[in-house]
Amino acid sequence: MAEKELQRSKSVLPIGTVMKLTDLTARQIRYYEEQELVIPQRTDGNRRMYSLNDIDKLLEIKDYLDDGINMAGIKAIYAQQKKRADDMKNESLTDSDVRRILHDEFLNISGFEPNSGPSLHSQRPLK
DNA sequence: ATTCTAACA
DNA sequence: TGTTAGGA
């Protein structure tokens, strides 16, 4: 069943197809790459080739944008998502630690609304 | 015909 | 983000 994941990971779609599938402009798609949100594979003459997983990621990003979250916020979300994945590997964490982390993440995400500017507040809401 | 990078009347 | 110039 891991074969399907391999297929979804195969980068075979040129940016033109991705544009049609996601309704995003080439400018946006390339910009998100600069923000390190979706890094497509390159081929022959330096052309971007995306995978189905990349498409999903882009659609996901588009949803976050619609919900009024900015680049910084989206980056934060994925950064936290990665942080979360790392935590799963550390059995050394206690339930209390995990809950503190999740609570911390929640506060940070809510701080990335459109108008709420770069006021990247909250850090240690030690209770 | 498509996509790429860089740059901004 | 849009758009365009100049290449590949």
Side-chain angles (χ1 to χ4, degrees):
Chain A
M1 277 283 152
E3 323 305 308
K4 295 179 181 176
E5 265 304 293
L6 257 167
Q7 294 175 30
R8 294 183 69 72
S9 296
K10 288 183 181 178
S11 302
V12 296
L13 322 183
I15 197 168
T17 303
V18 179
M19 289 174 69
K20 294 172 182 172
L21 265 39
T22 64
D23 285 296
L24 290 171
T25 66
R27 180 76 162 85
Q28 293 177 298
I29 299 172
R30 294 180 185 127
Y31 177 65
Y32 302 152
E33 178 181 356
E34 283 183 8
Q35 302 309 297
E36 304 180 275
L37 269 42
V38 173
I39 299 89
Q41 200 177 292
R42 296 291 186 129
T43 61
D44 55 287
N46 194 40
R47 280 173 162 56
R48 276 168 264 249
M49 294 303 269
Y50 300 81
S51 68
L52 293 177
N53 286 326
D54 291 333
I55 302 296
D56 290 340
K57 188 90 169 274
L58 287 170
L59 291 173
E60 197 178 313
I61 293 172
K62 203 179 56 165
D63 285 338
Y64 285 136
L65 257 30
D66 287 332
D67 289 339
I69 301 177
N70 56 47
M71 283 304 105
I74 296 177
K75 280 190 190 179
I77 291 175
Y78 288 127
Q80 292 162 178
Q81 204 169 81
K82 180 185 181 302
K83 193 174 187 290
R84 220 133 154 191
D86 293 337
D87 292 339
M88 301 260 224
K89 300 242 167 193
N90 290 1
E91 323 162 35
S92 57
L93 288 176
T94 68
D95 285 351
S96 171
D97 287 327
V98 175
R99 280 204 288 158
R100 177 186 59 64
I101 292 172
L102 295 180
H103 178 263
D104 205 54
E105 292 177 354
F106 177 75
L107 292 180
N108 281 320
I109 293 178
S110 58
F112 286 102
E113 290 297 319
N115 36 55
S116 63
S119 48
L120 312 180
H121 63 72
S122 73
Q123 192 64 323
R124 297 288 87 88
L126 278 178
K127 51 177 180 173

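So you know, we letter chains A, B, ... as the sequences are listed, proteins then strands, and number each from 1.
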Pick the closest DNA chain B nucleotide for A:Arg42 and for A:Arg47 by heavy atoms, then say which residue is nearer the 5' end.
A:Arg47

Inspect the contact between A:Asp86 and A:Lys82 and indicate whether a charged nitrogen and a carboxylate oxygen are less than 4.0 angstrom apart.
yes

For the CG atom of A:Asn70 and the CG atom of A:Leu65, what is their distance to the nearest 0.5 Å?
8.5 Å

Answer whether the closest heavy-atom distance between the side chains of A:Tyr32 and A:Arg27 falls below 4.5 Å.
no

Quick one: A:Asp44 CG to C:dG7 P, roughly how many Å, whole number?
20 Å

By nearest heavy atom, map A:Leu24 and A:Gly45 onto DNA chain C; which one lands nearer the 5' end?
A:Leu24

Determine the Euclidean distance between corresponding P atoms of B:dT2 and C:dG6; express it in Å to zero decimal places.
22 Å

Salt bridge (Lys or Arg N to Asp or Glu O under 4.0 Å) evaluation trace for A:Lys75 with A:Glu34:
CA-CA 12 Å; A:Lys75 280 190 190 179; A:Glu34 283 183 8; over 6 Å; no

Does the side chain of A:Gln35 pick up a donor-acceptor pair with the side chain of A:Tyr78 at under 3.5 Å?
no

In dot-bracket, 5' to 3', how would DNA chain B read with Watson-Crick or G-U wobble pairs under 3.5 Å, [ ] for crossing ones and | for pairs to another strand?
.|.|||||.

Take the protein atom CG of A:Asn46 and the nucleotide atom P of C:dG6, then report the distance between them rounded to whole Å.
20 Å

Measure across A:Phe112 and A:Ala72 and return the closest heavy-atom pair with its distance rounded to 0.1 Å.
CE2-CB, 3.6 Å

Does anything in residues 27-40 of chain A reach DNA chain C, meaning a heavy atom under 4.0 Å, and if so which residues?
A:Arg27, A:Gln28, A:Tyr32

Could you pull out every donor-acceptor pair under 3.5 Å between side chains of residues 3-11 of chain A and any protein atom, sequence neighbours left out?
| residue | atom | partner | partner atom | Å |
| --- | --- | --- | --- | --- |
| A:Arg8 | NE | A:Asn53 | OD1 | 3.4 |
| A:Arg8 | NH2 | A:Asp56 | OD2 | 2.3 |
| A:Ser9 | OG | A:Glu5 | O | 2.8 |
| A:Ser9 | OG | A:Asn53 | ND2 | 3.1 |
| A:Ser11 | OG | A:Met49 | O | 3.4 |

When the distance from CG of A:Leu13 to P of B:dT2 is rounded to whole Å, what number comes out?
16 Å

Give a yes or no answer on whether the side chain of A:Lys57 reaches the backbone of A:Leu37 with a donor-acceptor pair at less than 3.5 Å.
yes

In whole Å, what separates the C1' atom of B:dT3 from that of C:dA5?
14 Å

